[in-house]
Amino acid sequence: MTTETEKASWWSKVGIDPSKYVGRDESRAEATAREGFAAKAKRSLRRIPMARETVSLYFCLLDPTTPMWVKGIVAGALAYFVLPLDAIPDVLPFVGLSDDASILAAAYTAVSAFVTEEHREKARRWIEDEHLTV
């Protein structure tokens with residue numbers, strides 16, 4: 001089993017400081033993603049090509065059986081989607097959500113093996129319940 005010290009040394013060896021990207025506190029990143037996801041999703045899901053996959057990621061994050069490293073990736077991607085500070089502002093037509101969609105697509109690709117049929121079904125029902133046509 002890898003210890004925190006070994007993980008830190010690996011990041012140091014490759015010259016990456018994860019805190020610059022998603023912070024050091026995984027529970028805080030997860031809480032940020034939870035708080036703003038529903039509101040942002042309702043406003044934006046019609047405009048991104050991966051709406052169902054994005055909501056499936058959210059339910060994957062909430063699943064207690066999802067490994068922590070998967071939750072870290074998902075929480076980081078959903079936090080980027082939710083937070084108002086973006087590389088490209090979301091208010092710009094056509095390109096505003098492109099950076100968000102790219103991050104979400106990369107996260108989904110990385111963890112798709114952990115997104116279960118149950119997560120997809122919950123996403124489908126949530127989208128239907130919220131009357132979001134995607």
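No experiment lies behind these values; they were computed from the predicted model shown. All values below come from the heavy atoms of this structure, side chains included, with hydrogens, waters and symmetry mates left out.
Under the side chain to side chain donor-acceptor pair (under 3.5 Å) criterion, the residue pairs touching residues 102-113 are Y108-R120, with sequence neighbours excluded.
Here the shortest heavy-atom pairing between L104 and M50 reads O-CE, 4.1 Å. Across every non-hydrogen atom of T66 and H119, the tightest pair is OG1-CE1, 4.4 Å. Across D63 and K71, no two heavy atoms sit closer than the pair O-CE, 3.2 Å.
For the atom pair CH2 (W126) and CG (D129), the distance works out to 9.5 Å, reported to the nearest 0.5 Å. Rounding to the nearest 0.5 Å gives a distance of 10.5 Å between CG of L78 and CG of D100.
Every side-chain contact (heavy atoms from CB on, under 4.5 Å) that A123 has, sequence neighbours left out, goes to V55, S56, F59.
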TODO: Walk me through it: do E128 and R125 pass the test salt bridge (Lys or Arg N to Asp or Glu O under 4.0 Å)?
DONE: CA-CA 5 Å; E128 285 178 2; R125 283 195 315 259; over 6 Å; no
